[in-house]
Participant: 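Sharing a structure, written as structure tokens. Questions coming.
Values in this document were obtained by computation on a predicted structure and should not be read as measured data. Scope of the values below: all heavy atoms of this structure, side chains included, with no hydrogens, waters or symmetry mates.
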Amino acid sequence: MKRLWQLTALAAMMLASCEQGTTDKDSAMQERDSLQRIINEKDLELNDIMGTFSEVQEGIRRINEAEGRIVVVESGPENPSGRDVIRENMQFIEKAMEQNRDMIRVLREKLETSSFKADKLVKTIENLQAQIDTQSQRIQELEASLAERDSMLAVQVETISSLTAENESKSNALSQQDKELNKAWFVFGTKSELKEEKILSDGDLLRDSSFRRDYFTQIDIRYDKVVKFYSKSAKVLSSHPTGSYQLVKDAQGQYELHIKQPELFWSVTRYLVVQVR
């Protein structure tokens, strides 16, 4: 009986020992799992923060590239497309600067609520902020420079437009003056017609100042070198140097005047009068 009691007590002790071992093992596993979750959460948090850091740095790099494109592009009245390139890059820079400021604000908020309190992270944010502030200052200076250049271009365009208008006016005036200097008039008709229009009076030509000037046809002596009379009889009444012209019959036997030396032909008078039948 005593022996049986001893065996029972020993079995109870062994059972209690096993239960204690199982409890200690479960507790260790729970502690390890909890620690792993903390590590994973910190990794995710750190990766999130570093990802935002990278986005800000990439934004700074792209802004620097856009600044470079603005500096090298040439813009002027002769290259209006250059101004479009500058405008597009400035719009991109303004948008990128705003995005960077937003991300810096997000980084600060993340660090405030983060379990990381590393001074290096705070210092890195301050460095990024300093870079953005420097960029912002450069952009303001660039905008002022572009505004000054646009103002100068506007003056240049206005000056060029003024000079162009002035040149056109002078050109038109010279053209009109040249046209006036090269005007001549001709008329042909029967003797009675010429007398009726007071072009021929008592055997004299154009002596009566009241002759009908609108009866004449105006020509340009530089270009009009053939005058058709539509008649098989033609006699030049006005004074023109011999050899400067020739009366020629066309295929229908009708006369036409060929002016061979215009300057010489019109040197005596700018009015050509021809009598036909």
Side-chain angles (χ1 to χ4, degrees), residues 74-84 149-277:
E74 292 293 334
S75 175
E78 70 287 350
N79 182 24
S81 62
R83 303 184 71 181
D84 294 334
R149 186 164 70 173
D150 282 345
S151 178
M152 293 175 62
L153 286 175
V155 172
Q156 290 177 7
V157 170
E158 184 177 354
T159 302
I160 291 173
S161 298
S162 177
L163 289 174
T164 300
E166 183 179 348
N167 289 338
E168 287 180 355
S169 178
K170 288 181 178 179
S171 178
N172 291 335
L174 288 173
S175 177
Q176 185 62 32
Q177 183 180 6
D178 198 34
K179 188 175 181 179
E180 290 292 328
L181 291 173
N182 288 282
K183 280 182 178 180
W185 296 262
F186 77 90
V187 67
F188 61 89
T190 64
K191 188 174 183 178
S192 60
E193 288 173 341
L194 295 176
K195 285 183 176 181
E196 184 181 347
E197 302 300 335
K198 297 182 179 182
I199 295 170
L200 187 62
S201 179
D202 296 330
D204 292 328
L205 193 65
L206 302 176
R207 289 296 177 88
D208 191 337
S209 60
S210 63
F211 71 89
R212 279 188 56 192
R213 296 179 185 276
D214 59 354
Y215 194 66
F216 283 78
T217 299
Q218 180 180 309
I219 61 174
D220 190 316
I221 65 175
R222 295 169 297 180
Y223 312 115
D224 300 313
K225 298 178 181 179
V226 176
V227 182
K228 296 180 178 292
F229 304 125
Y230 307 100
S231 174
K232 294 183 178 182
S233 173
K235 180 182 179 181
V236 177
L237 301 181
S238 51
S239 298
H240 302 280
T242 303
S244 65
Y245 68 96
Q246 184 178 10
L247 281 170
V248 179
K249 286 185 177 182
D250 61 16
Q252 286 75 36
Q254 296 178 334
Y255 276 101
E256 57 187 27
L257 181 74
H258 290 205
I259 302 173
K260 297 189 294 182
Q261 301 178 56
E263 290 186 7
L264 180 60
F265 180 83
W266 297 107
S267 61
V268 178
T269 178
R270 289 296 177 95
Y271 287 89
L272 169 63
V273 180
V274 176
Q275 181 181 315
V276 298
R277 285 203 303 263

Participant: Hey, does the side chain of Asp250 reach the backbone of Gln252 with a donor-acceptor pair shorter than 3.5 angstrom?
Facilitator: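 Flag set: sc Asp250 to bb Gln252 pair under 3.5 Å.
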Participant: Going through the checks in order, is the side-chain contact (heavy atoms from CB on, under 4.5 Å) test met by Tyr230 and Val276?
Facilitator: CA-CA 9 Å; Tyr230 307 100; Val276 298; over 6 Å; no
Participant: Atom NZ of Lys228 and atom CZ of Phe186: how far apart are they, to the nearest 0.5 Å?
Facilitator: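 These two atoms lie 11.0 Å from each other.
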Participant: Where the side chain of Ser244 meets the backbone of Gln261, is there a donor-acceptor pair that is under 3.5 Å apart?
Facilitator: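 Side chain of Ser244 to backbone of Gln261: no pair is present.
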Participant: Among all residues two or more places apart in sequence or in another chain, which pass the side-chain hydrogen bond (donor to acceptor under 3.5 Å, both in side chains) test with Asn172?
Facilitator: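 For Asn172, no residue satisfies side-chain hydrogen bond (donor to acceptor under 3.5 Å, both in side chains) once neighbours in sequence are set aside.
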Participant: Check the pair Trp266 / Ile219 against side-chain contact (heavy atoms from CB on, under 4.5 Å), numbers first and verdict last.
Facilitator: CA-CA 12 Å; Trp266 297 107; Ile219 61 174; 3.7 Å; yes
Participant: Measuring from Leu194:CG to Leu206:CG, what's the distance to the nearest 0.5 Å?
Facilitator: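 If I round to the nearest 0.5 Å, the distance is 9.5 Å.
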Participant: If you round to the nearest 0.5 Å, how far is NZ of Lys170 from CD of Gln177?
Facilitator: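 Here the rounded value is 13.0 Å.
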Participant: Identify the heavy atoms of Glu193 and Gly189 that sit nearest to each other, and give their distance.
Facilitator: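 That would be OE1-CA, 3.3 Å.
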Participant: Is a donor on one side and an acceptor on the other found under 3.5 Å between the side chain of Thr159 and the backbone of Val155?
Facilitator: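 Confirmed, Thr159 side chain pairs with Val155 backbone.
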Participant: Return the minimal non-hydrogen interatomic distance between Arg277 and Thr190, and the atom names on each side.
Facilitator: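 Answer, listing the atom of Arg277 first, then Thr190: CA-CG2, 4.4 Å.
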Participant: Using 30° and 60° as the class boundaries, would you call the ring planes of Trp185 and Tyr271 parallel, tilted or perpendicular?
Facilitator: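 Because their plane-to-plane angle is under 30°, the rings of Trp185 and Tyr271 count as parallel.
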Participant: Taking the six-membered ring for Trp, are the ring centroids of Phe229 and Tyr255 within less than 6.0 Å of each other?
Facilitator: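 Ring centroids of Phe229 and Tyr255 are no less than 6.0 Å from each other.
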Participant: Could you measure the distance from the CD atom of Glu256 to the NE2 atom of His258? Nearest 0.5 Å is fine.
Facilitator: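 Glu256 CD to His258 NE2: 3.5 Å, rounded to 0.5 Å.
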Participant: About how many Å separate CG of Asp224 and OG1 of Thr217, when rounded to the nearest 0.5 Å?
Facilitator: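 If we round to the nearest 0.5 Å, Thr217:OG1 and Asp224:CG are 10.5 Å apart.
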Participant: The criterion is side-chain hydrogen bond (donor to acceptor under 3.5 Å, both in side chains); which residues satisfy it with Asn182, sequence neighbours excluded?
Facilitator: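 Checked Asn182 against side-chain hydrogen bond (donor to acceptor under 3.5 Å, both in side chains); matches are Asp178.
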Participant: Give a yes or no answer on whether the side chain of Ser175 reaches the backbone of Ser171 with a donor-acceptor pair at less than 3.5 Å.
Facilitator: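 No, the answer is negative, given that no donor and acceptor are paired below the 3.5 Å cut-off.
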Participant: Look at atom CD of Glu158 and say whether more than 12 heavy atoms of other residues, nucleotides or ligands are closer to it than 6.0 Å.
Facilitator: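 No.
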Participant: With a cut-off of 6.0 Å (strictly less than), are more than 12 heavy atoms of other residues, nucleotides or ligands near CZ of Arg207?
Facilitator: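 Open.
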Participant: How close do Val187 and Phe216 get, heavy atom to heavy atom, and via which atoms?
Facilitator: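 So the two residues come closest at CG1-CE2, 3.3 Å.
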Participant: Who pairs with Asp220 by side-chain hydrogen bond (donor to acceptor under 3.5 Å, both in side chains), at least two apart in sequence or on another chain?
Facilitator: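 With sequence neighbours excluded, Asp220 shows a side-chain hydrogen bond (donor to acceptor under 3.5 Å, both in side chains) to Arg222, given in chain and number order.
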Participant: Surrounding NZ of Lys260 (heavy atoms of other residues, nucleotides or ligands, distance under 6.0 Å), is the total greater than 12?
Facilitator: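 Correct, the count exceeds 12.
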Participant: Can you see which heavy atom on Ala234 is nearest to which on Leu247, and at what distance?
Facilitator: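 Scanning both residues completely, I find the closest heavy atoms to be O-CD1, 3.9 Å.
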Participant: Going from CZ on Phe188 to CG on Leu257, what distance comes out if it is rounded to the nearest 0.5 angstrom?
Facilitator: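 Between atom CZ of Phe188 and atom CG of Leu257 there are 11.5 Å.
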Participant: For Ser239 versus Thr269, what's the shortest heavy-atom pair and its separation?
Facilitator: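 For Ser239 versus Thr269, the nearest heavy atoms are O-CG2, 3.3 Å.
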Participant: Within the supplied structure, the quantity of interest is the number of heavy atoms (other residues, nucleotides, ligands) at a distance under 6.0 Å from Lys183 NZ; does it exceed 12?
Facilitator: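 Yes, NZ of Lys183 has more than 12 neighbouring heavy atoms, counting only those of other groups under 6.0 Å.
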